[in-house]
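A quick write-up on the structure given underneath.
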Amino acid sequence: MIIAANFKTNLTRLETKEYLIHLEKFVSDNNVRQEVFVFPTATSLDNHSGKVNIGVQNAYPTKNGAFTGEIGTDQLDEFNIKTVLIGHSERRHVLKESQEFIISKYNFYKALGYKIIYCIGEPLDVRESGEAKMMDYLASQMVGIDMDYENLIVAYEPVWAIGTGLTPTNEDIVKVHTALRLTCKAPLLYGGSVKVDNVKEILPLENVDGVLVGSGALNVNDFCSMINDADNIK
Ligand code: PGA
């Protein structure tokens, strides 16, 4: 399974370093079988060796250039980073990234062979407008995206579940993931208020291949406990 932590705008460089030392030790001491990813802030990127994959939460579709506040592949190459999150709900809704821009980012990083965790998810009003409209909305977030890309991982994260403590029912997660499975073969992660208390229920669900965890992963012991739960699933 894939167990991923998205730090968002949390933890300093030093805190991230300590977190990763602890996490690497846990992963090797316990012979963890899961694929573990961490997405720290851009300022916490550093040389890293070990079993944990480090990715970036965002990068501009460029090698370098005049893009104030952004980073490109020159900065990623410095630390041998080959994994990027694209289409996260906060990039779409808070930072106002359009589907067109997301497509250009996706194509840029796909052409370079990066592992892409591509996020989709519906806002509350869309979910409340019924299943057909919700699935149409999710489909619209996949327009222009090569869903057959070999290095793709998809994360389904309902916007209303992110950082709210709310989650869809297990049946609803299975319903969406099963529908997504028909359109793509990539591993499917669930994200949105995954915590130590609910991860054991979510991970074994049909067509769930892992989780993308935000606030619930900020404490390294909690994240390790989730990884351990995944390791204990038959
Ligand atoms: P959350 O965030 O776990 O804090 O809800 C998940 C995410 O945005 O990836």
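Both backbone and side-chain heavy atoms feed into the values below; hydrogens, waters and symmetry mates do not.
- Interatomic distance, CG of Leu212 versus CZ of Phe39, reported as 7.0 Å (0.5 Å rounding).
- Glu97 and His88 are not linked by any side-chain donor-acceptor pair at a separation below 3.5 angstrom, with hydrogens and angles left out of the test.
- With hydrogens and angles disregarded, a donor-acceptor distance shorter than 3.5 Å links the side chain of Asp209 to the backbone of Leu188.
- For an aromatic pair to be called close, the ring centres must be under 6.0 Å apart, and Phe7 with Tyr19 satisfies this.
- Residue Tyr109 holds its OH atom at 9.5 Å from NZ of Lys82, rounded to the nearest 0.5 Å.
- One finds the OH atom of Tyr156 at 8.0 Å from the CG atom of Leu180 (value rounded to the nearest 0.5 Å).
- For the pairing with Phe223, the side-chain contact (heavy atoms from CB on, under 4.5 Å) check across Leu23, Asn228, Val199 returns one residue only, Leu23.
- A donor-acceptor distance shorter than 3.5 angstrom exists from the side chain of Gln57 to the backbone of Lys8, with no hydrogens or angles considered.
- Using a 3.5 Å distance cut-off with no hydrogens or angles, the side chains of Asp231 and Gln34 do pair a donor with an acceptor.
- Side-chain N/O atoms of Lys110 and Asn151 include no donor and acceptor closer than 3.5 Å.
- Taking CG of Leu45 as the start and CD1 of Ile81 as the end, the distance is 4.0 Å to the nearest 0.5 Å.
- Thr178 and Asn207 form a side-chain donor-acceptor contact under 3.5 Å, judged by distance and modelled atom types alone.
- With rounding to the nearest 0.5 Å, the separation of CG in Leu203 from CG in Asn198 is 9.0 Å.
- Taking CD1 of Ile116 as the reference point, atom CD1 of Ile86 lies at 4.0 Å (rounded to 0.5 Å).
- At least one side-chain heavy atom of Arg13 sits under 4.5 Å from a side-chain heavy atom of Asp46.
- Ring to ring, Phe101 and Tyr106 are not that close: their centroids are 6.0 angstrom or more apart.
- At least one donor-acceptor pair under 3.5 Å links the side chain of Glu24 to the backbone N or O of Val52.
- For the pair Asn6 (side chain) and Gly214 (backbone), a donor-acceptor distance under 3.5 Å is absent.
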